[in-house]
There are 2 protein chains.
Amino acid sequence: MSGYFGAGTRAPESELEIIMSDMPSCQFESRPRRIVIGSGGVQADFCASCSVRPTSVCSVIEPSDISRLAEVAVETIISPGRGFIEEGAPATDFFNVTSGTVKLFKALPDGRRQITGFAAPGHFLGLAVSDSYAFGAEAIDTVRVCRFSREKMGELLDDFPKLERRLLEEASNELVAAQNQMLLLGRKTARERVASFLLDQMQAGLLPGQPPPSGGRLHLPMTRGDIADYLGLTIETVSRTLSWMRAQGMIEVGKGYAITIVSTPKLEVLAAGNS
Amino acid sequence: MSGYFGAGTRAPESELEIIMSDMPSCQFESRPRRIVIGSGGVQADFCASCSVRPTSVCSVIEPSDISRLAEVAVETIISPGRGFIEEGAPATDFFNVTSGTVKLFKALPDGRRQITGFAAPGHFLGLAVSDSYAFGAEAIDTVRVCRFSREKMGELLDDFPKLERRLLEEASNELVAAQNQMLLLGRKTARERVASFLLDQMQAGLLPGQPPPSGGRLHLPMTRGDIADYLGLTIETVSRTLSWMRAQGMIEVGKGYAITIVSTPKLEVLAAGNS
DNA sequence: CTGATGGGTTGATGTAAATCAATGCGGTCA
DNA sequence: TGACCGCATTGATTTACATCAACCCATCAG
């Protein structure tokens, strides 16, 4: 299988490219269609004005060197439901999420799927030693990413040692999150899993970037199915558990993707492992 | 709580220290007793003669700089069942396993435990951005580790950029393993989990270091309880599943910790997700 | 308007794995 | 020598969650 982003067909750098979906729900049936907007040439303030730079790995690049960064970055817009990293495909690029939410997942041959994480703005994607991606990635809502070719990234790493240290930090953080998730998947009950998830989402919303949720109000961009695949449950169990939490006065379930946390302490007791 | 290896009480570098267990099965009831063998002073060939150096992060240090490594490393022997990293304790040191097997785990307040990985010789421990350990570590059999203080490690990283890149590689590898484990814990059946585990152990044995297992013969150092805590199952289910595999002619279960893989293909079909 | 489609909730039923329980076996220690 | 303990195996029973199924409600295309 050829690279998902073949070097020969790559769009000129620093242009804006858009990966459209012909059918919002299909995945990898066809190669993403690419529309290049912009007209080539490097925009010097491309990275300087980036909203997620302060919280992303790019923050370690000094303002004076920002142009180096902009030279190798290609901004890409991905429409909802569209996959842009295919598990097992040759790993040609790294990504930095600048807006929207991405789901990362692994799948079994028969279709069972485990979402290994959700990537919010500022998140760095593609860390893998192997020459192929160990996971797939799909846009949940409309997503913007900065794309770096592996090759170019290597040059950056050589020139900016701080970047390497920052990536190590990023990887370590992910490792800690992964260990927490293993504990959740291996040893927590359904109620504990959902409680942990809601608290994590709350926590994630409090971080810089993203509108800060006030009054325990959460806007979850993912479907019940995504939550189920993330927590190792079924859609029905997630739905039932949320209903049970509502009945217990822990949360309020709004229309669509809104959930309000009414009692953080109750959820914390649950998440810590008291049935 | 004070550091597990308080700076004030630290043994002189490059000596051999031994953490003994008064009671083999107890964990963290008391601080490890330390016996310093050796008499101080740096042994120049300490790292040069290290059996796991070729496969560990230390391999990136040039032979000419080996003494720098030996200066900051303290070899420690840990007796079976003894914990040497406590979850939540201040993270003061990094470790490199040189012999034996370590289990890494996280626990819930009520005692439920998830083993997040087994660390074999060559494995690097302690990657965490936080100032406290996100996981605990305990020796399964007699374990030897090289211990580096966080502080000294920082200096090494400054002086040897290659080391940093190697650590990033190590972290990326662990991330891939963690993602695989999430898929296993979230979506695989008991049989699939045990099959995956046996194949992984086989694979790990084939890597450099460790005696290569011949004829599918495995020597698992961990108990059924450890396997259960690693796979998110109970002891009984692990035992029953192994018995079932034996009945199917997939494996042979020897006395003690010996298991022989009779039919790798059958296990692979299972592990890939066919019931 | 109308049928199709995707997401969500809730109820009835099934089942894989947990729990409870008994037994054996090889150390170790008094 | 016998009592004890950790580890493992196997059987009987329970249960948390999955599965199967019905239904509601938006949205969207024709």
Side-chain angles (χ1 to χ4, degrees), chain A residues 21-27 80-81 103 110-114 138 140-141 184-195 220-229 231-247 251-259 270 273-275, chain B residues 21-27 80-81 103 110-114 138 140-141 184-195 220-229 231-247 251-259 270 273-275:
Chain A
S21 62
D22 316 292
M23 299 160 58
S25 66
C26 72
Q27 308 175 47
K103 57 182 167 189
D110 65 0
R112 278 174 285 172
R113 168 177 293 210
Q114 178 66 37
E138 186 179 315
I140 290 179
D141 42 20
L184 180 148
L185 292 170
R187 289 302 180 213
K188 287 188 181 178
T189 66
R191 287 172 183 180
E192 291 163 0
R193 291 181 202 204
V194 174
L220 306 176
M222 66 292 286
T223 66
R224 297 285 187 268
D226 289 336
I227 298 174
D229 280 348
L231 300 179
L233 300 171
T234 59
I235 293 177
E236 293 94 325
T237 298
V238 170
S239 182
R240 268 187 258 271
T241 304
L242 288 174
S243 296
W244 176 83
M245 286 175 171
R246 176 163 41 77
I251 63 172
E252 279 166 14
V253 182
K255 275 286 157 203
Y257 296 86
I259 285 185
L270 246 189
N274 302 78
S275 179
Chain B
S21 62
D22 317 291
M23 300 160 60
S25 64
C26 74
Q27 306 174 48
K103 56 181 167 189
D110 65 0
R112 279 174 285 172
R113 168 177 295 209
Q114 178 65 37
E138 187 180 314
I140 290 179
D141 43 21
L184 180 148
L185 292 170
R187 290 300 182 213
K188 288 187 180 177
T189 66
R191 287 172 184 179
E192 290 163 1
R193 292 181 201 204
V194 174
L220 305 176
M222 67 293 287
T223 66
R224 298 284 186 270
D226 289 336
I227 298 174
D229 279 348
L231 299 179
L233 300 171
T234 60
I235 293 177
E236 294 94 324
T237 299
V238 170
S239 182
R240 269 186 258 271
T241 305
L242 288 173
S243 297
W244 176 82
M245 286 175 171
R246 177 163 41 78
I251 63 173
E252 278 166 14
V253 182
K255 275 288 155 204
Y257 296 85
I259 286 184
L270 246 189
N274 302 78
S275 176

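Naming: A, B, ... by sequence-line order, numbering from 1 per chain.
Of all nucleotides listed (C/dT9, C/dT19, C/dA17), C/dT9 comes nearest to the side chain of A/V253. For B/L233, counting side-chain heavy atoms from C-beta on, the closest listed nucleotide (C/dA18, D/dT10, D/dC17) is C/dA18. Side-chain proximity of B/R246 to the nucleotides D/dT19, D/dT10, C/dG7 is greatest for D/dT10.
Rounded to whole Å, atom P of D/dC7 lies 14 Å from atom CE of B/M222. For the pair B/D226 CG and D/dG6 P, the computed distance is 15 Å after rounding to whole Å. Here C/dT23 presents its P atom at 19 Å from CD1 of B/I235, a figure rounded to the nearest Å. Rounded to whole Å, atom C1' of D/dC17 lies 18 Å from atom NZ of A/K188. Between A/L185 atom CG and C/dA17 atom C1' there is a gap of 17 Å when expressed in whole angstrom units. Protein atom CD of B/E236 is 13 Å distant from nucleotide atom C1' of D/dT13, rounded to whole Å. When the C1' atom of C/dA17 is taken as reference, atom CZ of B/R191 falls 11 Å away, rounded to whole Å. Regarding B/R112, its CZ atom lies at a distance of 13 Å from the P atom of C/dA18, rounded to whole Å.
Residue A/L242 is out of contact with every strand shown, counting any heavy-atom pair closer than 4.0 Å. At the heavy-atom level, B/G256 lies nowhere under 4.0 Å from the strands shown. Looking at heavy-atom distances under 4.0 Å, A/R193 makes no contact with the nucleic acid at all.
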What are the atom names and distances for every N/O pair under 3.5 Å that joins the protein to nucleotides 23-25 of chain D?
none

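Between D/dC17 and A/T234, no contact under 4.0 Å exists linking OP1 or OP2 to a side-chain N or O. Side-chain N/O atoms of B/T237 include one lying less than 4.0 angstrom from OP1 or OP2 on C/dA18. The side chain of B/R240 places no N or O atom within less than 4.0 Å of a non-bridging phosphate oxygen (OP1 or OP2) of D/dT9. Contact between the side-chain N/O atoms of A/S239 and the OP1/OP2 oxygens of C/dT10 is not found at any separation under 4.0 Å.
Counting heavy atoms from C-beta on, the side chains of A/T241 and A/V238 never come closer than 4.5 Å. A/L231 places none of its side-chain heavy atoms less than 4.5 Å from the side chain of A/K188. When side chains are defined from C-beta on, B/R193 counts as touching B/L185, because their heavy atoms get closer than 4.5 Å.
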task: Assess whether side chain to side chain contact (heavy atoms under 4.5 Å, CB included) is satisfied between B/R246 and B/S243, documenting all intermediate values.
output: CA-CA 5 Å; B/R246 177 163 41 78; B/S243 297; 3.5 Å; yes

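Each of A/T189, A/L242, A/I251, A/I227 was checked for a side chain to side chain contact (heavy atoms under 4.5 Å, CB included) with A/V194, and the lone residue meeting it is A/L242.
Note: B/R240 CZ to B/I235 CD1 = 11.5 Å, rounded to the nearest 0.5 Å.
Remark: the backbone N or O of A/A228 is not paired with any side-chain donor or acceptor of A/D226 at under 3.5 angstrom.
Sequence order on DNA chain C of the closest nucleotides to A/Y257 and A/R187 puts A/Y257 first from the 5' end.
At a threshold of 4.0 Å, the pair B/R187-A/D229 counts as salt-bridged, since one of the basic side-chain nitrogens sits closer than that to a carboxylate oxygen.
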